[in-house]
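Bear in mind that the values here come from a model prediction, so they are computed numbers and not experimental data. Every number for a ligand or one of its atoms is a count from 1 in the order of the listing. In this chain, residues are counted from 1 in sequence order.
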Amino acid sequence: MPTYRVAIIGLGRMGSTIDDEGHSALPYSIAAATRASARMELVAGCDLDAGKRSAFTERWGIGAVYEDYRQMVAQEQPDLVAVCTRAAGTHQRQATDADYRVDVHADLTVDLANLRVPMLYVEKAIACSMRRADDVRDAVSANGTVVNTGVLRRFDKRYDVVRDAVLAGRIGEPKAVVHYAPTSLLHGHIHSIDTLSWLIGDPVITRVRGELEPRDYAVVGGHIPFDPRATYQLQFEGGISGWTIPAASWEFEVLGSEGCVRSLNNGAGADLRVAVQGSGWQQADLPTVEPVSTAVCCLEDLVAAHESGSLSRGHMGVTHHITEACLAVAESHRSGHCWVDLPGVDRDLYVFHI
Ligand SMILES: NC(=O)c1ccc[n+]([C@@H]2O[C@H](COP(=O)([O-])OP(=O)(O)OC[C@H]3O[C@@H](n4cnc5c(N)ncnc54)[C@H](O)[C@@H]3O)[C@@H](O)[C@H]2O)c1
């Protein structure tokens, strides 16, 4: 079996060092995940910061480090590039002014697709506006690039168990999906909306309603200079509704006509209850799954899609759609918390995030 050459842009936490932070299910960083896979070889890294480049060389024994990613791609001819920079290209938590529209994930993804890199891992969110998300979708589609993004619950086998129960009809007809946890719009809810969608088989999201915190926050000039806390309601094709509850910690629940299934404690467990005639809902068995590296699963899914010509799990069709649903929460807030039919987001509405 061939191995594929992997290069990383952005040699910070997600690119290189996040494994030091005490997370479960390692490896987590793209460098460590690449090293753990028999299908990939780590060949190069790129960072604007010279200190990050030398730390990467020391940590991974990779001498091929670059300041300029275009030079890295030309020189190293990677099969897979991982974009692990921050989205808005700064360590600040807020845009410096109302004209700040930096969008590094989108810029790099468009350029790398046009440079004909065949596989891309892109950190979320793919863009800060739908104008740039459209550019990403168009470049990827024109070049036949295979893409997955950093919404890693989609690649987590512990969530597959929940999804399999839903899609096998064990809870009857799905009626509602719920996410629990307070979080921000583009750093957090890009994950929550993606996972809700994944758990019910990625039906089309037809409408979105939402609000940002503070509730009376006024969006000026199509520009939100920080990543706001948000709540939302989704309407999926086929009648399933989706909600986020801004309390507790990360859990997801799918409620159906004959039962419900809940992913517990940020994926650590899952609980299924099904209707038993005359006795209400009773506990039912689910397979137990040992946690494995979601980053490895995500990268190996790219390889599998590349080799088979099939869609990746987080392919651009679904990623672009989830990005639009996420930005529609801000659009809804701006238009008085009313429903936004998709696609219906102002292409120039920009939301700063990391
Ligand atoms: N999917 C996940 O579970 C997960 C976990 C952590 C972080 N993230 C995401 O990963 C991204 C990076 O976060 P981080 O915490 O690793 O950031 P970080 O600041 O630790 O690292 C980013 C690095 O990118 C470099 N960089 C920026 N622009 C560049 C460019 N044009 N060319 C080359 N290098 C460039 C910076 O110098 C920095 O070293 C963010 O979007 C974050 O949301 C995702």
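- Among protein heavy atoms, atom 15 (O) of ligand 1 sits closest to R13 NH1, 2.7 Å.
- Of all atoms in ligand 1, listed by their number and element, those nearer than 4.0 Å to a heavy atom of H91 are 19 (O).
- Closest to atom 3 (O) of ligand 1, if we only count protein heavy atoms, is Y28 OH, 2.6 Å.
- Test Q75, R53, Q71, E76 against Y66 for side chain to side chain donor-acceptor pair (under 3.5 Å) and you get one pass: E76.
- Residues N266 and R153 have side chains that bring a donor and an acceptor to within less than 3.5 angstrom of each other.
- A salt bridge links R334 to D346: one of the charged nitrogens lies within less than 4.0 Å of a carboxylate oxygen.
- When each of L112, V83, L120 is paired with V147, the side chain to side chain contact (heavy atoms under 4.5 Å, CB included) condition holds for L120 and for no other.
- Taking all heavy atoms of T294, L48, I8 into account, the minimum distance to atom 30 (C) of ligand 1 is reached by L48.
- Heavy atoms from both the backbone and the side chain of M14 come within less than 4.0 Å of ligand 1.
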Does Y4 form a side chain to side chain contact (heavy atoms under 4.5 Å, CB included) with E300? I'd like the steps, not just the answer.
CA-CA 10 Å; Y4 294 94; E300 290 189 345; over 6 Å; no

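- By the 4.0 Å heavy-atom criterion, C84 is counted among the residues contacting ligand 1.
- Among all non-hydrogen protein atoms, the one lying nearest atom 21 (O) of ligand 1 is G12 CA, 3.4 Å.
- Considering only non-hydrogen protein atoms, atom 37 (O) of ligand 1 sits nearest to D47 OD1, 2.6 Å.
- For the pair E67 and ligand 1, no heavy-atom separation below 4.0 Å is found.
- Listed by number with element, the atoms of ligand 1 under 4.0 angstrom from any heavy atom of I9 are 32 (N), 33 (C).
- Looking at Y69 against ligand 1, nothing comes within 4.0 Å, counting heavy atoms.
- The contact set between ligand 1 and H187, taken as ligand atoms under 4.0 Å from a residue heavy atom, comprises 43 (O).
- The protein heavy-atom contact nearest to atom 13 (O) of ligand 1 is R86 CG, 4.2 Å.
- A donor-acceptor distance shorter than 3.5 angstrom exists from the side chain of S332 to the backbone of G210, with no hydrogens or angles considered.
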Which donor-acceptor pairs under 3.5 Å do the side chains of residues 280-289 make with protein atoms, sequence neighbours left out?
from, atom 1, to, atom 2, distance (Å)
Q283, NE2, D271, OD1, 2.1

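- Between R158 and D156 there is a salt bridge, since a side-chain N of the basic residue sits under 4.0 Å from a carboxylate O of the acidic one.
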Evaluation steps, ring-ring contact (aromatic ring centres under 6.0 Å, His included), between H223 and Y100:
CA-CA 9 Å; H223 185 274; Y100 190 95; 7.7 Å; no

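- Ranking protein heavy atoms by distance to atom 24 (O) of ligand 1, first place goes to G10 CA, 3.3 Å.
- Here's the thing with L11: none of its N/O atoms is less than 3.5 angstrom from an N/O atom of ligand 1.
- For the pair I354 and ligand 1, the shortest N or O to N or O distance falls below 3.5 Å.
- Of all atoms in ligand 1, listed by their number and element, those nearer than 4.0 Å to a heavy atom of H105 are 41 (O).
- Among all protein heavy atoms, the one lying closest to atom 40 (C) of ligand 1 is T85 O, 3.7 Å.
- For the pair K124 and ligand 1, the shortest N or O to N or O distance falls below 3.5 Å.
- The nearest heavy-atom contact from the protein to atom 1 (N) of ligand 1 is G150 O, 2.8 Å.
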Worked check of side chain to side chain donor-acceptor pair (under 3.5 Å) between E67 and Y69
CA-CA 7 Å; E67 182 174 5; Y69 71 89; over 6 Å; no

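- A donor-acceptor pair is defined here as one N or O able to donate and one able to accept, closer than 3.5 Å; such a pair exists between the side chain of H333 and the backbone of L212.
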Output side-chain donor-acceptor pairs under 3.5 Å for residues 232-249, partner residues at least two apart or in another chain, one line each.
from, atom 1, to, atom 2, distance (Å)
Y232, OH, S192, OG, 2.8
Q233, OE1, R209, NH2, 2.8
Q235, NE2, G239, O, 3.4
Q235, NE2, I240, O, 3.3
T244, OG1, H179, ND1, 2.8

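- Not one N or O of H191 is nearer than 3.5 Å to an N or O of ligand 1, by distance alone.
- When non-hydrogen atoms are compared, ligand 1 lies under 4.0 Å from the side chain of I18 (C-beta onward) but not from its backbone.
- Proximity of a side-chain donor or acceptor of D47 to a complementary backbone N or O of K52 within less than 3.5 Å is not detected.
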